[in-house]
A.B. asks: 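Below is one structure. I have some questions about it.
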Amino acid sequence: MFGTIFNTMMIIMGSIIGSIFKKGIKDEYHEILMQAMGLAAMGLGINALVQHLPSSKYPVLFIVSLAIGGLLGEKLKLESRFNTLVNKYSKGNLAEGLSTAILLFCIGTLSILGPVEAALKGDYTYLLANGMLDGITSIVLASTFGIGIAVAGIVLFAWQCSIYLIAILMENSLSNDLLNEVTIVGGILILASGLSILGIKKCNTLNLLPSLMIPPIVFLIIHLAHL
């Protein structure tokens, strides 16, 4: 768990540093930072798709996942409830920034494979590298959206701990194909978040979050069917 703790602390420290910078940044600089974050999110999302979509053995699974997950998220009203909760304790557009931070920190090759490598091989290389990257990213995000970005560190901790435990429990059945499908869906969500930040198209990204659970469920059904 050392790698996950390090990753979480880097996000919290980066958020503190970024929030200090935020107080001295003019409005026009905030605007360009928003654009930079939007473009960065789109770039990371496209990169995830380009890298992993060609390797997919179930090329329509991400479509089904987004459709079912989106309907479930809309039914649960995740986006509106999240915005209401965040806006209750903060001002401005923290909700949008926090949702983007959660996706950027949690949905990525290093963040997903890191806990798996730590659980199965005791290798913390991915998590340590991811911690350094997330620390820098959190500085930029917090300088734009404020100290509230630190909450994403708590979400990341729960996310990576969950993956760590699942990897231990499913050591023999956890496959690269499953991780690949989850990363594809995550890449699309990050891309959608970038579109929202840039104001190109407002996407209810949080309502699509349940889409990430569909590939594991499908793979579990396939695994049980072959028993």
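In what follows, every heavy atom counts, from backbone to side chain, and hydrogens, waters and symmetry copies are set aside.
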A.B. asks: Between Ile154 and Thr8, is any pair of side-chain heavy atoms under 4.5 Å apart?
C.D. replies: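 No, side chains not in contact.
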
A.B. asks: Taking the six-membered ring for Trp, are the ring centroids of Phe157 and Tyr164 within less than 6.0 Å of each other?
C.D. replies: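 No - the distance between ring centres of Phe157 and Tyr164 does not fall below the 6.0 Å cut-off.
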
A.B. asks: Is it possible for you to say whether Leu98 and Leu104 belong to one hydrophobic cluster, with membership spreading through side-chain heavy-atom contacts below 4.5 Å?
C.D. replies: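 Yes: a chain of side-chain contacts under 4.5 Å links Leu98 to Leu104.
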
A.B. asks: Evaluate the criterion side chain to side chain contact (heavy atoms under 4.5 Å, CB included) for residue pair Glu181 and Ile184; output intermediate values, then yes/no.
C.D. replies: CA-CA 5 Å; Glu181 297 302 328; Ile184 291 171; 4.1 Å; yes

A.B. asks: Any side-chain heavy-atom pair from Ser138 and Met10 closer than 4.5 angstrom?
C.D. replies: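 Of all side-chain heavy-atom pairs linking Met10 with Ser138, none is under 4.5 Å.
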
A.B. asks: Hydrophobic clustering (ILVMFWY, side-chain heavy atoms < 4.5 Å, transitive) - are Leu133 and Met42 grouped together?
C.D. replies: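 Yes.
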
A.B. asks: Can you confirm whether Ser111 sits close enough to Phe105 that some side-chain heavy atom of one is under 4.5 Å from a side-chain heavy atom of the other?
C.D. replies: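 When only atoms from C-beta onward are counted, Phe105 and Ser111 do not touch, as no gap falls below 4.5 Å.
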
A.B. asks: Got a donor-acceptor contact below 3.5 angstrom from the Glu79 side chain to the Leu206 backbone?
C.D. replies: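 At least one qualifying donor-acceptor pair exists.
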
A.B. asks: Identify whether Leu141 and Met13 are in the same connected component of the hydrophobic contact network (ILVMFWY, side-chain heavy atoms under 4.5 Å).
C.D. replies: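 Shared cluster, no.
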
A.B. asks: Among Val182, Leu179, Asn180, whose side-chain contact (heavy atoms from CB on, under 4.5 Å) with His52 holds?
C.D. replies: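 Single pass found, and it is Asn180.
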
A.B. asks: State plainly whether one hydrophobic cluster holds both Met213 and Leu189, where clusters connect Ile, Leu, Val, Met, Phe, Trp and Tyr through side-chain heavy atoms under 4.5 angstrom apart.
C.D. replies: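 Unlinked, Met213 and Leu189 end up in two clusters.
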
A.B. asks: State, with a plain yes or no, whether a side-chain heavy atom of Val185 is found less than 4.5 Å away from one of Ser65.
C.D. replies: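 When only atoms from C-beta onward are counted, Ser65 and Val185 do touch, with a gap below 4.5 Å.
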
A.B. asks: Is there a side-chain contact between Val218 and Tyr58, using heavy atoms and a 4.5 Å cut-off?
C.D. replies: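 Not in contact.
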
A.B. asks: Any side-chain heavy atom of Phe6 sitting closer than 4.5 Å to one from Asn130?
C.D. replies: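 No, their side chains stay 4.5 Å or more apart.
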
A.B. asks: Do Leu209 and Leu212 come within less than 4.5 Å of each other through their side chains, counting heavy atoms only?
C.D. replies: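 A side-chain contact under 4.5 Å exists here.
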
A.B. asks: Same hydrophobic cluster for Ile63 and Leu191, using side-chain heavy-atom links shorter than 4.5 Å among ILVMFWY?
C.D. replies: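 Yes, Ile63 connects to Leu191 through the hydrophobic network.
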
A.B. asks: Heavy atoms, side chains only, cut-off 4.5 Å: are Ser56 and Leu61 in contact?
C.D. replies: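 Side chain of Ser56 against side chain of Leu61, heavy atoms only: no contact under 4.5 Å found.
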
